[in-house]
Every structure is written in C-alpha cells, then in structure tokens.
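Since the model is a prediction, treat every value here as computed from it, not as a measurement. One-based numbering along the sequence shown.
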Amino acid sequence: MKRIDIISDTHGRLSRSLLTELAGADLIIHAGDLTSEADWEKLQTIAPVEGVLGNNDTYYYNYEPPLERLNTFVYEGLTFAVSHYREDLPVGAVDVGVCGHTHRARIAEQGRCLVVNPGSATSPRGTAIPSMARMFVENGKVVSVDLVKLESAWV
C-alpha cells in the first residue's frame with residue numbers, strides 16, 4: 001500500500017507540523033500556490049512530488065522541474081489530474097482529481113472520479129483550520145482518503 005499526502009496553498013510556508021505529517025509519504029501532491037522555490041526543493045527531499053502552478057505562482061516563480069497548470073499522471077494504477085482550480089479538472093477522464101485555491105478542505109465523488117481539495121496547510125479561510133489530505137492506494141484502488149488537521153500553520 002502506498003501513502004499519498006496532498007497539500008495546497010502553502011504560500012511560502014511549510015510549518016513544522018506539516019513537515020512532520022509529510023514524513024514517510026510515498027508521494028506528495030501539491031495543488032499550487034507554493035510561492036517558494038525553496039519549499040518546492042524541500043518537499044522533493046521528503047518524497048517524489050507532483051505539482052501544478054497556482055494563480056500566485058504563474059508569473060513569479062521558476063520551479064525545477066517546471067510546473068504546468070494541469071498535471072495528469074498514473075500512480076499505482078490510478079490516473080490522477082491535478083489543477084489549482086476545480087473547474088479545470090477533467091473529472092470524466094481520471095480516477096482522482098486534486099485541486100486547491102479555495103483554502104477549504106473537501107472530499108467528494110463526482111461520477112467515477114474522487115475529487116480532493118486538501119484545504120490550505122498554512123492559511124485556511126473562514127473558520128477552517130490548517131489541513132492536508134492523506135490517501136492510501138493499492139492495486140489500482142483508493143483504499144482510503146481522509147483530511148488531516150494540522151496542529152499549526154505557523155509553528
């Protein structure tokens with residue numbers, strides 16, 4: 001079984017509580033608005049990373065390897081699509097869609113597609129708290145996906 005940790009909207013801050021949660025991940029997915037080349041590099045020292053550009057990344061940051069607005073890939077027999085914006089996900093053509101931007105966590109099924117928005121790990125909106133999502137996959141199936149509440153966005 002493989003563990004995928006899903007984050008978004010970190011906006012230049014990787015808190016200790018987030019980094020502690022990410023330790024041991026087999027894959028990290030970042031749904032945009034990293035706003036830090038150093039954070040992108042740091043995440044890659046923890047696990048392989050699949051990511052996309054968010055609206056705050058588009059014109060100011062140069063990530064290596066370069067990021068696009070939509071990233072589709074196959075991992076453990078499942079087809080994933082990642083986009084910062086929910087409306088840009090090709091939900092009819094993939095098994096799992098990952099998005100961000102709203103800073104509000106949500107997991108929902110849309111047809112045969114599981115859509116995951118992990119919320120923001122550093123700057124949640126409204127009454128939300130810092131969060132990420134954790135997914136376990138095996139043999140081409142999503143075994144589980146849950147939201148993980150983070151202890152702090154700042155520490």
Side-chain angles (χ1 to χ4, degrees), residues 1-36 39-40 42-57 67 69-91 94-155:
M1 190 166 349
K2 299 290 185 176
R3 185 181 111 197
I4 303 169
D5 285 348
I6 304 169
I7 59 178
S8 187
D9 297 282
T10 51
H11 291 278
R13 288 192 319 268
L14 299 177
S15 69
R16 269 186 276 150
S17 60
L18 174 61
L19 293 173
T20 298
E21 286 292 340
L22 294 175
D26 294 299
L27 176 69
I28 297 170
I29 297 175
H30 197 297
D33 278 359
L34 255 102
T35 69
S36 168
D39 287 357
W40 177 244
K42 175 67 176 172
L43 292 173
Q44 292 178 77
T45 68
I46 299 169
V49 183
E50 294 285 349
V52 293
L53 293 172
N55 57 298
N56 289 295
D57 296 312
L67 299 177
R69 291 182 179 269
L70 178 65
N71 179 0
T72 57
F73 61 95
V74 175
Y75 184 76
E76 293 297 310
L78 291 164
T79 303
F80 287 78
V82 184
S83 175
H84 192 57
Y85 298 107
R86 161 63 193 85
E87 56 270 17
D88 293 339
L89 291 174
V91 294
V94 298
D95 301 306
V96 178
V98 175
C99 59
H101 186 63
T102 65
H103 294 225
R104 296 176 194 270
R106 183 163 188 238
I107 298 170
E109 290 191 34
Q110 185 169 346
R112 69 172 194 89
C113 182
L114 179 64
V115 179
V116 179
N117 183 329
S120 174
T122 58
S123 53
R125 293 195 176 132
T127 59
I129 64 168
S131 62
M132 58 176 272
R134 177 162 291 146
M135 177 181 290
F136 287 94
V137 299
E138 186 174 45
N139 298 326
K141 294 188 187 321
V142 174
V143 175
S144 67
V145 61
D146 294 294
L147 296 173
V148 176
K149 296 175 182 178
L150 298 171
E151 189 175 302
S152 172
W154 298 95
V155 179

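- Contact record, Pro130 with Ala121: CB-O, 3.5 Å, taken as the closest heavy-atom pair.
- Judged purely by atom type and a 3.5 angstrom limit, Ser120 uses its side chain to pair as donor or acceptor with the backbone of Asp9.
- Judged as a salt bridge (Lys or Arg N to Asp or Glu O under 4.0 Å), the pairs with a partner in residues 98-113 (not counting sequence neighbours) are, in order, Asp95-Arg112.
- Identified under the side-chain hydrogen bond (donor to acceptor under 3.5 Å, both in side chains) test for residues 42-53, with sequence neighbours left out: Glu50-Asn71.
- One distance of note links SG of Cys99 with CD1 of Ile6; it measures 10.0 Å at 0.5 Å rounding.
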Using a 3.5 Å cut-off and no angle test, enumerate the donor-acceptor pairs between side-chain atoms of residues 138-145 and protein atoms at least two apart in sequence or in another chain.
none

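- Interatomic distance, CG of Asp39 versus CG of Leu18, reported as 9.5 Å (0.5 Å rounding).
- By the side chain to side chain contact (heavy atoms under 4.5 Å, CB included) test, Thr72 is found to be paired with Leu70, Ala81, residues two or more places apart in sequence or in another chain being considered.
- Annotation: side chain to side chain donor-acceptor pair (under 3.5 Å) contacts of Thr102 (sequence neighbours excluded): Asn117.
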Exercise for the section: Show your working on side chain to side chain contact (heavy atoms under 4.5 Å, CB included) between Ile7 and Leu43 and close with a plain yes or no. Expected result: CA-CA 11 Å; Ile7 59 178; Leu43 292 173; 4.0 Å; yes

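- In this structure, Ser83 contributes its side chain and Leu89 its backbone to no donor-acceptor pair below 3.5 Å.
- A donor-acceptor distance shorter than 3.5 angstrom exists from the side chain of Thr122 to the backbone of Thr10, with no hydrogens or angles considered.
- Annotation: side chain to side chain contact (heavy atoms under 4.5 Å, CB included) contacts of Leu67 (sequence neighbours excluded): Trp40, Leu53, Tyr63.
- Every residue was checked against the side chain to side chain donor-acceptor pair (under 3.5 Å) condition with Ser131, not counting sequence neighbours, and none meets it.
- Once rounded to the nearest 0.5 Å, the distance linking CG of Leu114 with CG of Leu78 reads 9.5 Å.
- Distance CG/Asn56 to OG/Ser36: 13.0 Å, rounded to 0.5 Å.
- Summarising the geometry of Gly100 relative to Ala31, their closest heavy-atom pair is N-CB, 3.8 Å, with the distance given to 0.1 Å.
- Taking CG of Leu22 as the reference point, atom CG of Leu150 lies at 8.5 Å (rounded to 0.5 Å).
- The ring pair (Phe, Tyr, Trp, His ring centres under 6.0 Å) pairs that include a residue from residues 103-131 are His11-His103, where partners are two or more places apart or lie in different chains.
- A heavy-atom distance below 4.5 Å is not found between the side chains of Phe80 and Val116.
- Counting all heavy atoms, side chain and backbone alike, Val82 lies closest to Val52 at O-CG1, 3.1 Å.
- Remark: Gln110 engages Arg86 in a side chain to side chain donor-acceptor pair (under 3.5 Å) (not counting sequence neighbours).
- Sequence neighbours left out, the pairs with a member in residues 123-136 that pass salt bridge (Lys or Arg N to Asp or Glu O under 4.0 Å) are Asp5-Arg134, Glu21-Arg134.
- Legend: residues meeting side chain to side chain donor-acceptor pair (under 3.5 Å) with Asn55, ordered by chain and number and at least two apart, are His84, His101.
- Every residue meeting the side chain to side chain contact (heavy atoms under 4.5 Å, CB included) condition with Lys2, not counting sequence neighbours, appears here in chain and number order: Asp26, Tyr75, Glu76, Val137.
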